[in-house]
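Throughout, a chain's letter reflects where its sequence line sits, starting with A, and its residues are numbered from 1.
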There are 2 protein chains.
Amino acid sequence: MPKVGMEPVRRQQLIDATIESVAQKGLQATTINSISKNAGMSSGIISHYFGGKQGLIEATVRYLLSNLKDDLISKVDEKTTPTQRLMFIVESNFALVQQRKDTTRTWLSFWAQSMHDKELHRLQNVNSKRLQSNLTVSFKQLMPLAQANLAAELTAAMIDGLWLRAVLSQSDENQFKHSESLAKNYVHSLIKQYGA
Amino acid sequence: MPKVGMEPVRRQQLIDATIESVAQKGLQATTINSISKNAGMSSGIISHYFGGKQGLIEATVRYLLSNLKDDLISKVDEKTTPTQRLMFIVESNFALVQQRKDTTRTWLSFWAQSMHDKELHRLQNVNSKRLQSNLTVSFKQLMPLAQANLAAELTAAMIDGLWLRAVLSQSDENQFKHSESLAKNYVHSLIKQYGA
DNA sequence: TTTTATTAATTGATCGTTCAATAAAGATAA
DNA sequence: TTATCTTTATTGAACGATCAATTAATAAAA
């Protein structure tokens, strides 16, 4: 069986299996066995590649975060207007839903856990700050600084709130699309309200 | 030790101890032992009064929900204006924080778990629907029906989003007060925007 | 004494981790 | 080419810890 250079392949397979298991059964019921079974491998391999369950959990969160980051980068170029960029930010935060339905539940599980896990809380903070910072950069090109900061704070809350309510009510894809559109309308109304 | 009529006392003590344990260590690490230790009792008493751990968890959520419900009822009377009532709704959803600091973390833990637990999901749905329904009733007195429904949906999302971000960033009481004030301002702006 | 309230010890299941064993692939040398 | 050695990849059983739940025993009130 053993081919050379399996490490990156196996690591990704185990991360995918972790997302799957947490989405299906929750973080609480996700065990080394449930993950390795989803991945079609033995339980021992998790410690071999990630040092333990905790290492795999954290690697999974980092993978989700970098996915979110790359998604926005791929959408923006030098010709993007500030308003367009704001719409892309909204889209990115709702996008992971469409490509992988099970990802959304996984996010919320990790967030809840982040209150009691130092490294997860650090990662969550990076993500939260980045959303607000991304929003502020674009709003600043459309309105004075004080208003831009406020608009970014409110937009971040609106995105997270709409997203949270959609996840918790176990919505289908149409509901997520509806929430995304509400968030975009809200950004437009903020620009109209404060825009110079 | 055994006095008669201890049941309601013990039940409440165990619910309080559950909130404390979940806030401190998370739902994942909360065990029959950690709860009974917090309550200063033995572990067997949980099965005696709640049938098991699951029963205690669900009773705790029901307690938090009814607390939230009663808080709003106590604030409103027949002389309350629609706008005042909207402010009270916002206050209620941020109020639990002040009286008991550890309650907020507990909420989020239960919400995350509700995705994988039928009864918890049912309870979460009741709460979510009630917030939106409470908001709609008051908005309807201030604007046309279609706008009132939209305003209620947006306000619910804004409240939850501001609350979630405050909880996750492990904010102090001042930050919660700041979020509460942002939510109130948002309600006022919706009334100004759509108000007849 | 009988009933109610509670404890403390125990049970069996399950958890994450560790580790010796193994299988296959490449490397080396004959 | 063939045989041997080394490395990499992987397994699954065993271990100790910990969990929720149960049970028998105990203490106090009625």
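His48(A) places its NE2 atom 8 Å from the C1' atom of dT8(D), with the value rounded to the nearest Å. Distance, Ile46(B) CD1 to dA20(D) C1': 10 Å, rounded to whole Å. Taking atom CD on Gln54(A) and atom P on dC15(C), their separation rounds to 17 Å, with Å as the unit. A straight line from CD1 of Ile35(B) to P of dA20(D) spans 8 Å, rounded to a whole angstrom. Taking atom CZ on Arg11(B) and atom C1' on dA5(C), their separation rounds to 15 Å, with Å as the unit. Here the P atom of nucleotide dC15(C) and the CD atom of Gln28(A) are 12 Å apart, to the nearest Å. In this structure, Lys37(A) places its NZ atom 19 Å from C1' of dT10(D), rounding to the nearest Å. Atom CD1 in Ile45(A) sits about 18 Å away from atom P in dT22(C), given to the nearest Å.
Judged purely by distance below 3.5 Å, without hydrogens or angles, the side chains of Gln141(B) and Arg85(B) never pair a donor atom with an acceptor atom. Side-chain contact, Asp16(A) with Gln12(A): a donor N or O sits under 3.5 Å from an acceptor N or O.
Candidate nucleotides dC15(C), dT17(C), dT11(D) were compared by shortest atom distance to the side chain of Ser42(A), and dT11(D) ranks first. In the set dT11(D), dA20(D), dG16(C), the nucleotide with an atom closest to the side chain of Lys53(B) is dA20(D).
Within 4.0 Å (heavy atoms only), Ile32(B) reaches sugar-phosphate atoms of the nucleic acid but no base atom. Within the nucleic acid shown, Ser47(A) comes within 4.0 Å of at least one base atom, counting heavy atoms only. Note on Gly52(B): only backbone sugar-phosphate atoms sit closer than 4.0 angstrom, heavy atoms only; bases stay farther off. Counting any heavy atom pair closer than 4.0 Å across all strands shown, Thr30(B) reaches sugar-phosphate atoms only and no base atom.
Scanning both residues, Phe139(A) and Ile191(A), for their nearest heavy atoms gives CE2-CG1, 4.1 Å. The nearest pair of heavy atoms linking Phe50(A) to Ala59(A) is CE2-CB, 3.6 Å.
Taking only side-chain nitrogens and oxygens, Arg10(A) never comes nearer than 4.0 Å to OP1 or OP2 of dA9(D). Remark: Tyr49(A) is in phosphate contact with dT10(D), judged by side-chain N or O atoms under 4.0 Å from OP1 or OP2.
Under the 30°/60° scheme for interplanar angles, the aromatic rings of Trp163(B) and Trp111(B) are found to be tilted.
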